[in-house]
Amino acid sequence: MTLSTDPTMAETLLADRVRTARSSEVRKVFMASQKRGVISFAGGAPYLGVLPFDRLAASARRIMAGSGAVSLQYGASQGIPELRRHVCALMELEGISADPDDIVVTSGSQQALDLAARILVNPGDVIFAEAPSYAGGLAVFTGYQAEIIHVPVDGEGLVPEELEQAIAAVQTTGRTAKGLYTIPNFQNPRGINLSAERRHQIGEICRRNGLLIFEDNPYGLLAFDGNTRRAIQPDFPDITMYFGSFSKIIAPGLRLGWVLPPAGLYSHFVNASETTLLNPPVYNQQLLCDYLDNPAWKATLDESRGLYEKKGAALVEALEQAMPAGTSWIHPTGGFYLWLTLPEGVDTGSLVFECIERGVAYVPGTAFYADGRGSNELRLSFCLPTIDEIRKGGAILGQLFREATEAGTACAAATDDRPRNHPGRPSKTS
Ligand code: PMP
């Protein structure tokens, strides 16, 4: 049978869940920012220049020569035992005590999130998430037709009282709330940490209300001060799925992450992973294990953290010099991101392609909300560009947004003839 190539015919056959999916704003910006010479603050990509490529190349060669027939064969659906042992050792740093047999290795934590939604979400189910939250996480849940309800955050992360209110509001509608999706460390996109006290309060609220916690933690080992925070999972193992990743701490190209689910969900994760992936690539896992076997990897991670701290500071300095009054941001203390709030009325979505034309890419704030908010916000990822690029990029951003703010003020002044003794420029905060 020949399938029709008519796109409209093909489109009529799409599943309902795909019809409602938004195309990724991050991807559009990412594509546009691929042009030569554009300084990209857009993607959440780590800086890989610190990696010992010669050592990795020798390791790759040794593995292939020594065990090529295993490396290139199908493997265990849960991932190879050596890597699961390394995962357990890593999670111990965050107070998690797990057995290698509790872990499912996945193709990045993105796949693990997808598996979680696949086995847990029915159309119409509610998932609570920070406001704002990781675009790729929201896309997974909405892709399975969940409704995202954003919960307000402040400087200590998600606000427990707000979560309680949001749960109560959903309960009155008779809908099913399945869980809370949270990124407790150096949150993507705001860069904030959930305080220890709130981790506990939020865990209690979820347990009391029969909700699962999707604890997504790719940035936990990237604190600039080197301190690792206790995860939510150890205190709420019965309701928490913990998602980990090697992408931000080592290399995303290996596409390796994992999930530690509550005991009752383990076999469902394995089954779901088998239907999507069969097994994670053995060769990549062996290469990663060989890298982790040598304790030098920790010094390399320290080096990345030190570099990211300097880059974050350079970005803050550039923004302080360049951004219009009334702009605020949160000073990064780890992770990859700085979240910027511009004066009301500045539309970061309509300015992003103009900004790319001028040589700088960012992700507009609306990408991080499921409900259209965030038009005067944006995310900057500072890990990949050099310090010189960060300085230059910060100046370009500042110029663009100063112009936009002044144009907005001029517009408002032209349409507003009320007497104005003190136009008032709110001060810049960081
Ligand atoms: N969760 C968060 C919060 C992320 O920022 C990312 C990547 N940007 C992922 C999950 C997915 O990462 P990966 O699939 O590379 O492990």
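When a ligand or atom number is given, it counts from 1 through the structure's own listing order. FYI, the numbering just counts along the sequence from 1. Because the structure is predicted, anything quoted here is derived from the model rather than measured.
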(message) Whether R84 and D101 form a salt bridge (side-chain N of Lys/Arg under 4.0 Å from carboxylate O of Asp/Glu) is what I want to check.
(response) yes
(request) Measure up the Y219 and Y337 rings against each other and bin them: parallel (under 30°), tilted (30 to 60°), perpendicular (over 60°). (result) perpendicular
(request) Output the list of atoms in ligand 1 that are nearer than 4.0 Å to some heavy atom of R255, sorted by atom number. (result) 13 (P), 14 (O), 15 (O)
(message) Once you measure the plane-to-plane angle for W258 and F246, does it fall in the parallel (<30°), tilted (30-60°) or perpendicular (>60°) bin?
(response) tilted
(message) Need the ligand 1 atom indices (1-based, order shown) with element for anything under 4.0 Å from a heavy-atom of S109.
(response) 9 (C), 10 (C), 11 (C), 12 (O), 13 (P), 14 (O), 16 (O)
(request) For atom 3 (C) of ligand 1, grab the closest protein heavy atom and report residue, atom and distance to one decimal in Å. (result) D216 OD2, 3.3 Å
(message) List ligand 1 atoms under 4.0 Å from I183, heavy atoms only on the residue side.
(response) 3 (C)
(message) Test your reading of the structure: does Q111 have an N or O sitting under 3.5 Å from an N or O of ligand 1?
(response) no
(message) Checking E403 against Q399: is there a side-chain donor and acceptor pair closer than 3.5 Å?
(response) yes
(request) Quick one: sort the Y369 and W339 rings into parallel, tilted or perpendicular, breaks at 30° and 60°. (result) tilted
(request) Consider ligand 1: state whether an atom of it lies below 4.0 angstrom from any non-hydrogen atom of G257. (result) no
(request) May I ask you to list the atoms of ligand 1 that are less than 4.0 angstrom from any heavy atom of S247? (result) 13 (P), 15 (O), 16 (O)
(request) Inspect the contact between R305 and E309 and indicate whether a charged nitrogen and a carboxylate oxygen are less than 4.0 angstrom apart. (result) no
(request) Could you establish whether G136 and ligand 1 come within less than 4.0 Å of each other, counting only heavy atoms on the residue side? (result) no
(message) Testing the 3.5 Å rule here: is there a donor-acceptor pair between the side chains of T182 and E130?
(response) yes
(message) Taking 4.0 angstrom as the limit and counting only heavy atoms of Y219, give me the atoms of ligand 1 inside it, by number and element.
(response) 3 (C), 4 (C), 5 (O), 8 (N)
(request) List the closest protein heavy-atom neighbour of atom 7 (C) of ligand 1: residue, atom name, distance to the nearest 0.1 Å. (result) K248 NZ, 3.2 Å
(request) Compute the ring centroids of F336 and Y308, then answer whether they are less than 6.0 Å apart. (result) yes
(request) Say whether S245, considering both its backbone and side-chain N or O atoms, lies within less than 3.5 Å of an N or O atom on ligand 1. (result) yes
